[in-house]
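The structure under discussion appears below in the form of structure tokens.
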Protein chains: 2
Amino acid sequence: MPARNRARAETPPAATHHRALPVHTDPADVPLETALLALADPVRRTLVRELAADEDWRRPCGSFDVPVTKATLSRHFSVLRDAGLLEQRDVGTKRLNRLRRAEFDACFPGLLDLVLRGEAGSAD
Amino acid sequence: MPARNRARAETPPAATHHRALPVHTDPADVPLETALLALADPVRRTLVRELAADEDWRRPCGSFDVPVTKATLSRHFSVLRDAGLLEQRDVGTKRLNRLRRAEFDACFPGLLDLVLRGEAGSAD
DNA sequence: ACGAGTGTTCGTTGCTCGTCGAACATCTTA
DNA sequence: TAAGATGTTCGACGAGCAACGAACACTCGT
């Protein structure tokens, strides 16, 4: 419980203590199949869109408008992390999220845009 | 059994008689989820790649190198049709296939390229 | 007309995935 | 230290999907 509170000047609000922080898979190590399956779920696409609409590190896990339980939501975040789509950071009691837009886009160009663009095949 | 055998000068080898030909869903009517799910399967991605590698209307259904039964294969083709990825045409006893590259690409830009490009997240 | 070749349909089986409730862990505040 | 807030983990359940064998349908040869 010591914990040095030396606020590191970083992009995010500076993480507090240290909880067993999740594994962040690099998009470059993500098989195409994993990426496609991750974005094939409607709930996860909503999460991705809401993340893209807001600024980085602004939204804790519980702040998303999806019709599922905390348990299910946690699972979805896990899948997004494993797909190289999500980065998380703990601050206080909440876990803040960031969409890895640039990194993911570099590995799967166009895929994220498709999701953010819209639902129909006619797009837009 | 009448059937006008006026060989229509077309792109494909000109269809013979008429079997209950399959329903071809227009890519513009395909939800993003359907497209993603269709390409999320490894067998279907193989089919798509082999189709893209060869010329249009050259490959009958049974000519693909995938480790599944005829029944399963038929099901996969059905899924690809419903995703607006495949067009089929009957000639004699075989059903020839064509990848709807341009049409699908217009609706889901970049998606097909991703599949054809490769498997890894590092692409290429 | 018959048989071979090709593809679809049907019913079943097994596995994966999304979902939930309940219990647990961690951090903050009173 | 106790209470509250936020997420995660742990079975369990149900739906969906890929896969198969077998039976059927259609076309082309002989």
Side-chain angles (χ1 to χ4, degrees), chain A residues 1-5 13-24 31 33-47 57-64 66-83 86-97, chain B residues 1-3 5 13-24 31 33-34 36-47 57-64 66-83 86-97:
Chain A
M1 307 79 168
R4 194 100 312 192
N5 265 11
T16 326
H17 280 195
H18 18 24
R19 204 178 344 176
L21 72 153
V23 182
H24 288 100
E33 179 161 342
T34 302
L36 293 177
L37 287 176
L39 292 173
D41 183 272
V43 174
R44 286 193 286 267
R45 281 198 303 277
T46 299
L47 296 179
W57 308 118
R58 248 200 217 297
R59 322 257 330 231
C61 293
S63 74
F64 293 84
V66 285
V68 292
T69 316
K70 286 172 203 251
T72 304
L73 190 54
S74 183
R75 175 87 192 116
H76 281 305
F77 280 123
S78 167
V79 173
L80 288 178
R81 276 198 315 266
D82 293 351
L86 190 68
E87 189 179 2
Q88 297 183 313
R89 201 150 195 141
D90 293 341
V91 45
T93 168
K94 12 192 83 170
R95 177 163 286 185
L96 302 182
N97 299 278
Chain B
M1 315 65 178
N5 265 13
T16 327
H17 281 192
H18 20 31
R19 204 178 343 175
L21 71 153
V23 182
H24 288 102
E33 179 160 342
T34 302
L36 292 176
L37 286 176
L39 293 173
D41 184 272
V43 173
R44 285 192 288 265
R45 280 197 304 277
T46 299
L47 296 178
W57 308 118
R58 248 198 219 296
R59 321 257 331 229
C61 292
S63 74
F64 292 84
V66 284
V68 291
T69 317
K70 284 174 205 263
T72 303
L73 190 54
S74 183
R75 174 86 192 116
H76 281 305
F77 281 123
S78 166
V79 172
L80 288 178
R81 277 197 317 265
D82 293 350
L86 190 69
E87 190 180 2
Q88 297 183 312
R89 202 148 193 143
D90 293 340
V91 44
T93 169
K94 12 193 85 173
R95 177 162 286 185
L96 302 182
N97 299 279

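Letters go in sequence order (proteins before strands), and every chain restarts at 1. Values in this document were obtained by computation on a predicted structure and should not be read as measured data. Just so it is clear, the values below take in all heavy atoms, side chains as well, and ignore hydrogens, waters and symmetry mates.
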(request) Could you check how far CZ of A/Arg89 sits from C1' of D/dG7, rounded to whole Å? (result) 18 Å
(message) Under 3.5 Å, is there a donor on one side chain and an acceptor on the other for B/His76 and B/Arg44?
(response) yes
(message) Rounded to whole Å, how long is the line connecting atom CG of A/Leu21 with atom C1' of C/dA25?
(response) 15 Å
(request) Mind calculating the distance between CG (B/Asp90) and P (D/dA25) to the nearest angstrom? (result) 17 Å
(message) Heavy atoms from C-beta onward define the side chain here; which of C/dC20, D/dG7, D/dC20 lies closest to that of A/Pro60?
(response) D/dG7
(message) I want to check something: taking the side chain as every heavy atom from C-beta on, are A/Asn97 and A/Trp57 in contact at a cut-off of under 4.5 Å?
(response) no
(message) Taking only side-chain N and O atoms of A/Arg75, does any of them lie within less than 4.0 angstrom of OP1 or OP2 on D/dG7?
(response) no
(message) Regarding A/Glu33 and B/Arg45, does a basic nitrogen lie under 4.0 Å from an acidic carboxylate oxygen?
(response) yes
(message) By the 4.0 Å heavy-atom rule, please label A/Pro22 as base, sugar-phosphate, or nothing.
(response) nothing
(request) Take the protein atom CG of B/Asp82 and the nucleotide atom P of D/dG16, then report the distance between them rounded to whole Å. (result) 16 Å
(message) From C-beta outward on A/Asp41, which listed nucleotide comes closest to its side chain: C/dC10, C/dG18, D/dT8?
(response) C/dG18
(message) How many whole angstroms separate atom CZ of B/Arg59 from atom C1' of C/dT6?
(response) 16 Å
(message) Could you tell me how far apart A/Phe77 (CZ) and D/dT6 (P) are, to the nearest whole angstrom?
(response) 14 Å
(message) Between C1' on C/dC17 and CG on B/Leu37, what's the gap in Å once rounded to a whole number?
(response) 12 Å
(request) Take the protein atom NZ of B/Lys94 and the nucleotide atom P of C/dA4, then report the distance between them rounded to whole Å. (result) 17 Å
(message) What's A/Lys70 touching, base or sugar-phosphate or nothing? Going by heavy atoms closer than 4.0 Å.
(response) base
(request) Between C/dC20, D/dT9, C/dT8, spot the one nearest the side chain of A/Ser74, thanks. (result) D/dT9
(message) Just verifying a value: how many Å separate B/Arg95 CZ and B/Leu21 CG, rounded to the nearest 0.5 Å?
(response) 7.5 Å
(request) Ignoring the backbone of A/Val43, work out which of D/dC20, D/dG7, C/dT19 is nearest its side chain. (result) C/dT19
(message) Which is more 5' along DNA chain C, the nucleotide nearest A/Val79 or the one nearest A/Thr93? Just name the residue.
(response) A/Val79
(request) Indicate yes or no: at least one non-hydrogen side-chain atom of A/Lys70 is less than 4.5 angstrom from one of A/Cys61. (result) no
(request) Using only side-chain N and O atoms of A/His76, determine if any of them is under 4.0 Å from OP1 or OP2 of C/dC17. (result) no
(message) Please determine whether a side-chain nitrogen or oxygen atom of A/Thr72 lies at a distance below 4.0 Å from atom OP1 or OP2 of C/dT19.
(response) no
(message) Nearest to the B/Arg95 side chain among D/dA19, C/dC20, C/dG7, which nucleotide is it?
(response) C/dG7
